[in-house]
Amino acid sequence: MLELLPAVDVRDGQAVRLVHGESGTETSYGDPLAAALAWQRAGAPWLHLVDLDAAFGTGDNRARIAEVVRAMDIKVELSGGIRDDDSLRAALGTGCTRVNLGTAALESPDWVAKVIAEHGDRIAVGLDVRGTTLRGRGWTRDGGDLYETLERLNREGCARYVVTDINKDGTLKGPNLQLLRDVCAATDRPVVASGGVATLDDLRALATLVPEGVEGAIVGKALYARAFTLEEALEAVAA
Ligand SMILES: O=C(O)c1ccccc1NCC(=O)[C@H](O)[C@H](O)COP(=O)(O)O
């Protein structure tokens with residue numbers, strides 16, 4: 001069954017959604033803890049929690065993020081600005097289930113290989129792409145070819161990938177199913193789909209990709225915009 005990961009992206013202490021992940025396009029949705037608790041109460045098995053300030057290099061929300069993780073009984077995937085020993089220690093130290101490395105996988109391949117070897121499936125790598133070009137530093141800089149990087153990370157034993165089509169992210173335009181199929185064909189590791197989910201039919205379409213390797217789907221904007229409820233989403237993927 002497709003796992004659902006409702007998203008809480010934190011900027012300047014607030015839960016926000018961006019369009020195409022671009023700084024300055026924020027819509028604010030208030031207290032991140034309240035949002036996370038609401039998704040937990042609604043039955044989410046996972047929370048996808050992002051420190052956008054850490055991703056953009058405009059500070060961090062470490063204390064707020066740690067508070068949210070502490071309050072969760074469900075699994076938490078933590079993302080945003082985890083690029084060195086200090087930020088990794090802080091992220092794993094929150095007690096989250098796993099972390100998602102993005103920029104580091106592009107700029108510090110040796111360090112990423114080392115932490116994959118040390119932490120196994122507590123490390124996922126975020127493959128954030130425009131076309132087939134990876135983007136790092138809060139999605140602001142090109143970081144190489146998707147499939148070359150994927151091949152290297154496969155060799156290094158990366159346990160899981162979180163794949164985002166930046167052109168779809170925060171737009172409610174529907175997920176990029178072909179990109180997900182292509183990534184699944186290039187790896188035997190599970191893939192978490194991210195970006196663009198707009199309707200329950202999008203989730204049903206993602207659920208058809210489970211046999212190809214899509215394990216889960218991150219849902220942000222659609223939940224905040226009340227396109228559907230989390231309960232409806234859970235029911236749609238259980239059917
Ligand atoms: O995850 C990151 O590190 C990140 C960095 C810079 C900009 C955005 C980032 N993440 C965004 C997300 O993970 C979204 O919450 C997720 O893709 C949901 O998208 P959508 O359902 O389209 O709102």
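Indexing begins at 1, ligand by ligand and atom by atom, following the structure's order. Note that this is a predicted model, so its numbers are computed, not measured.
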For [Y], is there an ion pair with [X] - N to carboxylate O distance below 4.0 angstrom?
{"X": "Arg152", "Y": "Glu148", "value": "no"}
{"X": "Arg17", "Y": "Asp169", "value": "yes"}
{"X": "Asp85", "Y": "Lys114", "value": "yes"}

Within the structure, is a non-hydrogen atom of [X] found at a distance of less than 4.0 Å from ligand 1?
{"X": "Gly80", "result": "yes"}
{"X": "Gly170", "result": "yes"}
{"X": "Gly126", "result": "no"}

Can a donor-acceptor pair be found between the side chains of Thr133 and Asp142 at a distance below 3.5 Å?
no

If you measure only the distance, is there a donor-acceptor pair under 3.5 Å linking the side chains of Asp9 and Tyr29?
no

For Leu203 and Ala217, which heavy atoms make the closest approach, and how far apart are they?
CD2-CB, 4.3 Å

Which pair of heavy atoms, one from Leu18 and one from Glu26, lies closest together, and at what distance?
CD2-CG, 3.3 Å

Tell me which part of Asn100 gets within contact of ligand 1: side chain, backbone, both or neither, using heavy atoms under 4.0 Å.
neither

Single hit among Val68, Ile65, Leu49, Leu5 for side-chain contact (heavy atoms from CB on, under 4.5 Å) with Val76:
Leu49

Interfacing atoms of ligand 1 (cut-off 4.0 Å, heavy-atom, Leu52)
6 (C), 7 (C), 8 (C), 9 (C)

Number the atoms of ligand 1 from 1 as they appear, then name those within less than 4.0 Å of a heavy atom of Ile218, with their elements.
16 (C), 18 (C)

Which residue holds the protein heavy atom closest to atom 9 (C) of ligand 1, what is that atom called, and what is the gap in Å?
Trp139 CZ2, 3.3 Å

Nearest-neighbour protein heavy atom for atom 21 (O) of ligand 1, which is reported as residue plus atom name and distance:
Gly220 N, 2.9 Å

When you measure from [atom] to each heavy atom in [options], which option holds the nearest one?
{"atom": "atom 14 (C) of ligand 1", "options": "Asp9, Leu5, Val197", "answer": "Asp9"}
{"atom": "atom 2 (C) of ligand 1", "options": "Ser194, Ser79, Ala7, Ala55", "answer": "Ser79"}
{"atom": "atom 18 (C) of ligand 1", "options": "His48, Arg11, Arg17", "answer": "Arg17"}

Compute the shortest N/O to N/O distance between [X] and ligand 1 and return yes if it is under 3.5 Å, no if not.
{"X": "Val219", "answer": "no"}
{"X": "Asp169", "answer": "yes"}
{"X": "Val50", "answer": "no"}
{"X": "Lys221", "answer": "yes"}

Would you call the rings of Tyr224 and Trp39 parallel, tilted or perpendicular if under 30° counts as parallel and over 60° as perpendicular?
perpendicular

Between Arg83 and Ala55, is there a donor-acceptor pair closer than 3.5 Å when you use the side chain of the first and the backbone of the second?
yes

